[in-house]
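Inspection log for the structure reproduced underneath, given as structure tokens.
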Amino acid sequence: MELVLRIDWSEMDLFGHVNNVAFMKYVQASRVNYWEAVGITALHQTTNIGPMLASTACQFKKPLFYPGTAAIQARVSFIKNTSFGIHHQIFDNEGNLAAEADDVMVLFDFNKNEKAPFPAHIRQVIEQLEGKQF
């Protein structure tokens, strides 16, 4: 799944390139976009069961600059009993890889304050979108 974002001038740092914090904002936007597309956001709105970010990491490959865009491609890397991962690749205007990031989320029941099993119906949506089984 791809999300294209406009690079904003305010995301530049003293050195003239996009600050590392902005890269993490791009990853967050990509993560939330994926959740919305597969029904995780709706699950949270209706049941109060939703994702909680357990970890995130980013490897920077190439700087991004204003003006321009960042194209973030996201795919689920794994689904376990209560957790799942999303791998993100961030590309510049010319299609060059600028960064790669990995998120691990735990599905959490905010009513009970405990982890929740990953729903079969959302797994099916993800498998159809990704074209593979987890």
Side-chain angles (χ1 to χ4, degrees):
M1 168 168 304
E2 184 172 82
L3 175 67
V4 178
L5 299 173
R6 179 182 160 272
I7 294 173
D8 192 67
W9 182 82
S10 67
E11 296 167 340
M12 304 299 284
D13 64 16
L14 178 66
F15 305 106
H17 55 73
V18 172
N19 187 279
N20 62 304
V21 174
F23 278 79
M24 298 311 291
K25 286 175 47 182
Y26 301 158
V27 170
Q28 177 179 322
S30 175
R31 177 188 319 128
V32 171
N33 184 60
Y34 199 101
W35 293 347
E36 290 172 351
V38 299
I40 292 174
T41 301
L43 175 72
H44 180 251
Q45 292 169 339
T46 58
T47 66
N48 210 25
I49 296 172
M52 182 180 288
L53 186 64
S55 70
T56 188
C58 188
Q59 289 77 44
F60 304 96
K61 310 286 186 184
K62 184 178 189 239
L64 292 173
F65 300 96
Y66 174 86
T69 58
I72 307 95
Q73 294 180 1
R75 64 175 174 76
V76 166
S77 51
F78 69 87
I79 299 174
K80 295 185 178 177
N81 293 334
T82 61
S83 64
F84 64 106
I86 299 179
H87 180 75
H88 309 269
Q89 292 182 304
I90 302 172
F91 296 92
D92 67 11
N93 296 14
E94 298 169 4
N96 299 308
L97 182 64
E100 291 187 275
D102 288 287
D103 296 332
V104 176
M105 277 93 25
V106 173
L107 213 59
F108 198 77
D109 186 332
F110 293 94
N111 303 304
K112 298 177 182 176
N113 268 342
E114 61 186 33
K115 292 189 278 186
F118 199 90
H121 71 282
I122 292 180
R123 179 187 297 259
Q124 290 172 345
V125 171
I126 292 170
E127 288 177 343
Q128 186 174 15
L129 179 67
E130 299 286 346
K132 66 178 186 179
Q133 291 188 324
F134 292 95

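Residue numbers count from 1 along this sequence.
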Determine whether [X] and [Y] fall in the same hydrophobic cluster, where Ile, Leu, Val, Met, Phe, Trp and Tyr are linked whenever their side-chain heavy atoms lie under 4.5 Å apart.
| X | Y | result |
| --- | --- | --- |
| M105 | Y26 | no |
| I40 | V106 | no |
| W35 | L53 | yes |
| W9 | I7 | yes |
| F118 | V38 | yes |

message = Is any side-chain heavy atom of F84 closer than 4.5 Å to one of P51?
response = yes
message = Using side-chain heavy atoms (C-beta onward) and a distance below 4.5 Å, is S83 in contact with F78?
response = yes
query = With a distance cut-off below 6.0 Å to the six-membered ring centre and an angular limit of 45° from the axis, does K112 pair with F110 as a cation-pi contact?
reply = no
inquiry  = Between E100 and H87, does the side-chain contact (heavy atoms from CB on, under 4.5 Å) criterion hold? Intermediate values first, please.
reply    = CA-CA 7 Å; E100 291 187 275; H87 180 75; 3.0 Å; yes
key: N/O donor-acceptor pair under 3.5 Å between T46 side chain and L43 backbone   = yes
key: Residues forming a side chain to side chain contact (heavy atoms under 4.5 Å, CB included) with A99, sequence neighbours excluded   = F23, C58, F60, I90
key: side chain to side chain contact (heavy atoms under 4.5 Å, CB included) partners of V4, counting only residues at least two apart   = E2, T69, A71
task = Using the side-chain hydrogen bond (donor to acceptor under 3.5 Å, both in side chains) rule, collect all pairs that involve residues 47-57, keeping only residues at least two apart or in two chains.
result = H44-N48, N48-N111, T56-D103
Just distance, no hydrogens or angles: give the donor-acceptor pairs under 3.5 Å from side chains in residues 119-134, sequence neighbours left out.
| residue | atom | partner | partner atom | Å |
| --- | --- | --- | --- | --- |
| R123 | NH1 | F134 | O | 3.2 |
| E127 | OE2 | F134 | N | 2.9 |
| E130 | OE2 | Y34 | OH | 2.5 |
| E130 | OE2 | V76 | N | 3.0 |

ask   = What's the verdict on side-chain contact (heavy atoms from CB on, under 4.5 Å) for Q89 and I72, showing C-alpha distance, side-chain angles and the deciding distance?
value = CA-CA 6 Å; Q89 292 182 304; I72 307 95; over 6 Å; no
message = For a quick test of reading the model, state the closest non-hydrogen atom pair linking A29 to L5 and the distance between them.
response = CB-CD1, 3.9 Å
request  = Can you sort out the partners of F91 under ring pair (Phe, Tyr, Trp, His ring centres under 6.0 Å), two or more places apart, ordered by chain and number?
outcome  = none
query = Can T41 and E36 be said to form a side-chain contact (heavy atoms from CB on, under 4.5 Å), step by step?
reply = CA-CA 5 Å; T41 301; E36 290 172 351; 3.4 Å; yes
task = Output all residues satisfying salt bridge (Lys or Arg N to Asp or Glu O under 4.0 Å) with K62, sequence neighbours left out; order by chain, then residue number.
result = D92
task = Given side-chain contact (heavy atoms from CB on, under 4.5 Å), test R31 with H88 step by step and report yes or no.
result = CA-CA 8 Å; R31 177 188 319 128; H88 309 269; 4.2 Å; yes
